[in-house]
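Nothing here was measured: the structure is a model prediction, and the numbers come from that model. Read the numbers this way: they start at 1 and go in the same order the structure lists the ligands and their atoms.
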Amino acid sequence: MHQLRTASADRSTAYDDIAQQLEGLFTDERDWLANAANMASLLFHSLPDLNWAGFYLMKGGELVLGPFQGKPACIRIAVGRGVCGTAVARRASVLVEDVEAFPGHIACDAASQSELVVPLLKGGEVLGVLDLDSPRRGRFDALDQAGCERLVGLFLAASDF
Ligand code: SME
C-alpha cells in the first residue's frame with residue numbers, strides 16, 4: 001500500500017513537472033498550432049509507455065489529424081466514431097484500458113493496447129481532442145485522466161484558436 005501511494009505520488013509529481021514545462025513553452029506564444037506541436041512532443045517524450053501522442057481538431061464537422069508524435073495515423077474521424085469521436089460526442093474524456101474491449105476502436109497503430117482521449121472544450125464548443133495511446137494494456141488511470149485534463153486546460157488558456 002505504501003509503495004502504491006508512493007508510486008501514485010511520483011506520477012502526480014510528474015504531471016506537476018510537465019505542467020511547469022508546458023507553461024514555459026507557452027510563455028509569450030499564443031499560436032495554437034505551435035503550442036499543440038510542442039505539447040504533443042513534450043507529452044510523448046515525458047510520459048512513459050506511449051506509442052502515440054497528439055491532437056485531432058474539429059474541421060467541417062469531423063475530426064482531422066493535427067500535430068502528433070508517433071507513427072502516421074488515420075486522418076479523419078467522424079463524431080461518434082472510435083475513441084476520439086466518442087469523446088467529442090460525449091464532451092468528456094474517454095479512458096480505455098483495453099482497446100480490444102472498446103467497440104468501434106479505430107486501430108491506427110496495431111501496437112496500441114490502451115488509450116486516453118481528452119476533449120478540448122472551450123466556451124461550450126469542442127475544438128478537438130488530445131489522444132494518447134500506449135502499447136501497454138491498462139496504461140492509463142484516473143490520475144492520468146486528471147493530469148491530462150489539467151494540461152489540456154493550460155493549453156486552451158494559453159492559445160488563441
Ligand atoms: N484509436 C483512435 C484513433 C486515433 S489513433 O489512435 C492515433 C480512435 O479509436 O479514435
Side-chain angles (χ1 to χ4, degrees), residues 11 14-15 17-19 21-22 25-26 31-159 161:
R11 290 172 54 228
Y15 280 103
D17 290 346
I18 294 171
Q21 289 183 68
L22 263 190
L25 289 169
F26 295 160
D31 186 288
W32 73 265
L33 183 56
N35 287 343
N38 262 339
M39 182 165 167
S41 174
L42 182 68
L43 292 180
F44 187 75
H45 292 287
S46 305
L47 293 170
D49 298 332
L50 297 189
N51 59 316
W52 205 89
F55 293 87
Y56 281 87
L57 284 310
M58 286 301 293
K59 276 189 187 174
E62 64 183 349
L63 287 168
V64 181
L65 184 64
F68 71 94
Q69 300 272 311
K71 286 190 181 168
C74 354
I75 297 171
R76 291 174 189 271
I77 300 175
V79 173
R81 294 257 351 262
V83 186
C84 292
T86 300
V88 174
R90 289 185 192 167
R91 307 166 74 84
S93 298
V94 181
L95 199 166
V96 179
E97 292 194 0
D98 178 359
V99 296
E100 281 168 32
F102 187 94
H105 167 257
I106 301 165
C108 294
D109 181 345
S112 298
Q113 297 293 319
S114 57
E115 183 159 355
L116 172 61
V117 178
V118 177
L120 312 178
L121 285 163
K122 194 165 193 175
E125 200 188 337
V126 187
L127 302 179
V129 299
L130 169 70
D131 181 15
L132 302 179
D133 285 23
S134 171
R136 183 155 67 78
R137 201 160 292 155
R139 158 69 182 81
F140 306 105
D141 63 12
L143 192 149
D144 295 293
Q145 182 178 327
C148 288
E149 287 173 353
R150 173 182 169 203
L151 300 179
V152 161
L154 293 177
F155 166 63
L156 292 171
S159 308
F161 289 83

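Ligand-side atoms of ligand 1 in range of C108: 3 (C), 4 (C), 5 (S), 7 (C), range being under 4.0 angstrom from any heavy atom. The distance from ligand 1 to the heavy atoms of H105 drops below 4.0 Å at these ligand atoms: 1 (N), 9 (O). When each atom of ligand 1 is checked for a heavy atom of D131 under 4.0 Å away, the hits are 4 (C), 5 (S), 6 (O), 7 (C). Within ligand 1, the atoms closer than 4.0 Å to a non-hydrogen atom of W52 are 7 (C), numbered from 1 in the order shown. Per-residue contacts place D133 under 4.0 angstrom from the following atoms of ligand 1 (heavy atoms of the residue considered): 5 (S), 6 (O).
Taking a 6.0 Å sphere around CD of E97, one finds it holds 12 or fewer heavy atoms contributed by other residues, nucleotides or ligands.
At least one N or O atom of C84 sits closer than 3.5 Å to an N or O atom of ligand 1. For ligand 1, the polar-atom distance check against I106 finds a nitrogen or oxygen pair separated by under 3.5 Å.
Counting only heavy atoms of the protein, atom 8 (C) of ligand 1 lies nearest to V83 N, 3.3 Å. Nearest protein neighbour of atom 2 (C) of ligand 1, counting heavy atoms only, is E115 OE2, 3.1 Å.
Of the residues listed (V94, D131, L95), the one engaging L116 in a side-chain contact (heavy atoms from CB on, under 4.5 Å) is L95, and it is the only one. The one candidate from N35, L154, L127 that meets the side-chain contact (heavy atoms from CB on, under 4.5 Å) condition with S159 is N35. Test V96, L47, N51 against R139 for side-chain contact (heavy atoms from CB on, under 4.5 Å) and you get one pass: L47.
Using a 3.5 Å distance cut-off with no hydrogens or angles, the side chains of E149 and S93 do pair a donor with an acceptor.
Taking all atoms of both residues into account, the shortest heavy-atom contact from A53 to L43 is CB-CB, 4.5 Å.
Aromatic ring orientation, F155 versus F55: tilted (interplanar angle from 30° to 60°).
For F102, no heavy-atom contact with ligand 1 is shorter than 4.0 Å.
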